[in-house]
Amino acid sequence: MSGYQKRISSPRAWPIGRKEHKWIVKPIPGTHSIERSIPLLVLLRDMLGVVDNGHEAKYALRKGRVLVDGIVRKAYRFPVGLFDLISILPDSNYRVLLGHRGKITVRETDEPKVKLCKIEKKQVVRGGKIQIGLHDGTNILTNNDYRRKDSIMISIPEREILKHIRYEVGRVALVTGGKHTGEVGKIKKIEVRGGSNPNIVTIEMGDKIFETIEDYVFIVGEEKPLLNLEI
């Protein structure tokens with residue numbers, strides 16, 4: 001049962017019934033961690049309801065009718081996560097978002113084929129080129145203008161950088177972890193702490209002000225979100 005796990009112990013972010021059946025498909029290692037992703041089969045059957053069962057989901061995937069970020073995916077355990085663009089031929093498009101209490105959710109979208117990505121790694125590779133690693137596990141060769149924690153808007157499926165948003169005070173941020181998961185507000189302060197202590201970010205959301213750790217901050221715009229984040 002290595003490709004399955006018990007529903008009762010599945011990640012809390014999965015919006016599924018946990019006592020209806022014993023087992024559920026688990027995602028293969030890939031673009032997102034298991035805690036922040038959900039298998040394509042579960043998304044198609046349990047979340048979107050475009051198929052009635054696993055057999056129909058596997059058939060649609062084998063026929064190449066499902067694209068993730070513009071690429072045909074046929075593995076029913078393929079992991080999809082935050083801001084991935086799911087296309088179901090001929091003309092349906094959905095965006096993966098974070099909902100209440102950090103639940104993974106999907107919203108139909110008519111936005112251009114673009115995607116927001118957080119830069120999580122930066123390194124020099126062979127030939128002295130700069131490579132940035134994104135939150136979805138992919139890498140892009142670029143120049144030295146980009147920093148960790150910045151965000152970029154890329155085109156789908158070409159993955160060309162369309163816009164660069166720096167991580168700094170005044171930017172609009174989405175919280176991706178902790179008790180404020182899914183909330184969006186403006187960064188008011190970034191407190192840099194020494195040693196192994198995480199940096200603390202103060203975020204203002206209307207009349208509400210709260211703090212979260214830096215790793216949970218995902219920049220989504222300068223004055224307003226670049227994508228529609230409403231559930």
Side-chain angles (χ1 to χ4, degrees), residues 11-14 29-38 79-84 95-105 114-125 130-154 159 161-231:
R12 295 177 63 183
W14 292 16
T31 55
H32 299 274
S33 67
I34 186 172
E35 295 81 11
R36 298 191 176 187
S37 65
I38 198 160
V80 293
L82 183 59
F83 293 139
D84 282 354
R95 180 89 60 194
V96 180
L97 300 172
L98 281 179
H100 183 60
R101 296 184 180 273
K103 295 291 186 181
I104 296 173
T105 187
V114 295
K115 180 179 179 180
L116 266 175
C117 296
K118 178 181 178 180
I119 300 175
E120 295 194 338
K121 298 178 182 178
K122 180 180 177 180
Q123 60 185 346
V124 179
V125 295
I130 303 296
Q131 177 178 277
I132 55 176
L134 308 180
H135 80 282
D136 64 0
T138 58
N139 302 310
I140 295 179
L141 291 175
T142 182
N143 54 48
N144 204 30
D145 293 339
Y146 302 87
R147 301 177 302 189
R148 288 183 62 248
K149 304 182 187 70
D150 288 356
S151 290
I152 56 175
M153 175 83 82
I154 62 174
R159 305 193 74 80
I161 297 176
L162 305 176
K163 190 172 181 61
H164 175 205
I165 313 103
R166 291 198 179 278
Y167 168 69
E168 58 190 21
V169 172
R171 300 307 194 209
V172 180
L174 167 71
V175 181
T176 60
K179 66 180 181 180
H180 297 288
T181 302
E183 297 184 5
V184 178
K186 281 196 173 184
I187 297 177
K188 302 298 291 183
K189 180 182 178 182
I190 301 173
E191 180 184 347
V192 179
R193 296 186 171 184
S196 60
N197 296 318
N199 294 340
I200 300 297
V201 180
T202 302
I203 294 178
E204 180 180 40
M205 188 180 71
D207 297 330
K208 179 180 178 181
I209 296 178
F210 60 88
E211 294 180 343
T212 188
I213 64 173
E214 195 172 57
D215 287 345
Y216 292 162
V217 175
F218 192 129
I219 303 300
V220 294
E222 295 177 346
E223 296 297 327
K224 62 180 182 179
L226 293 175
L227 295 175
N228 183 359
L229 303 183
E230 294 182 4
I231 307 301

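The structure displayed is predicted, hence computed values, not measured ones. The figures here come from the full heavy-atom set of this structure, side chains too, leaving out hydrogens, waters and symmetry mates.
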Rounded distance (nearest 0.5 Å) linking atom [atom1] of [X] with atom [atom2] of [Y]:
X	Y	atom1	atom2	value
I203	K208	CD1	NZ	10.5 Å
D145	T142	CG	OG1	7.0 Å
K149	E168	NZ	CD	13.5 Å
I200	T202	CD1	OG1	8.0 Å
K189	E211	NZ	CD	7.5 Å
C117	I140	SG	CD1	6.5 Å

What heavy-atom pair brings [X] and [Y] nearest, and what distance separates the two atoms?
X	Y	result
T105	G99	CG2-N, 3.9 Å
H32	S37	CB-CB, 3.5 Å
L226	G221	CG-CA, 4.1 Å
K115	F83	CG-O, 3.4 Å
I187	V169	O-CG1, 3.5 Å
P79	T31	O-OG1, 3.2 Å

**Message:** Counting neighbours of OH on Y216 that are heavy atoms of other residues, nucleotides or ligands and sit closer than 6.0 Å, is the number greater than 12?
**Reply:** no
**Residues, nucleotides or ligands: over 12 heavy atoms within 6.0 Å of K224 NZ** =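 No, not enclosed.
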Below 4.5 Å, heavy atoms only, C-beta onward: do [X] and [Y] meet side chain to side chain?
X	Y	value
L116	L174	no
N228	R95	no
V125	N139	no
V184	V172	yes
R148	E120	no
H164	Y146	yes
V80	I38	yes
F210	E183	yes

**Message:** Taking the basic N atoms (NZ, or NE/NH1/NH2) and the acidic carboxylate oxygens, is any pair closer than 4.0 Å for K186 and E223?
**Reply:**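 A salt bridge is present here (some side-chain N lies under 4.0 Å from a carboxylate O).
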**Item:** Ion pair check, K122 and D150, cut-off under 4.0 Å
**Value:**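 Not counted as a salt bridge, because no side-chain N and carboxylate O are separated by less than 4.0 Å.
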**Request:** Under the side-chain contact (heavy atoms from CB on, under 4.5 Å) rule, what do V201 and Y167 come out as? Steps first, then yes or no, please.
**Result:** CA-CA 11 Å; V201 180; Y167 168 69; 3.3 Å; yes
**Prompt:** Of I104, D136, V96, T176, which is the lone residue that meets side chain to side chain contact (heavy atoms under 4.5 Å, CB included) with L82?
**Reply:**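 The residue from I104, D136, V96, T176 that satisfies side chain to side chain contact (heavy atoms under 4.5 Å, CB included) with L82 turns out to be T176.
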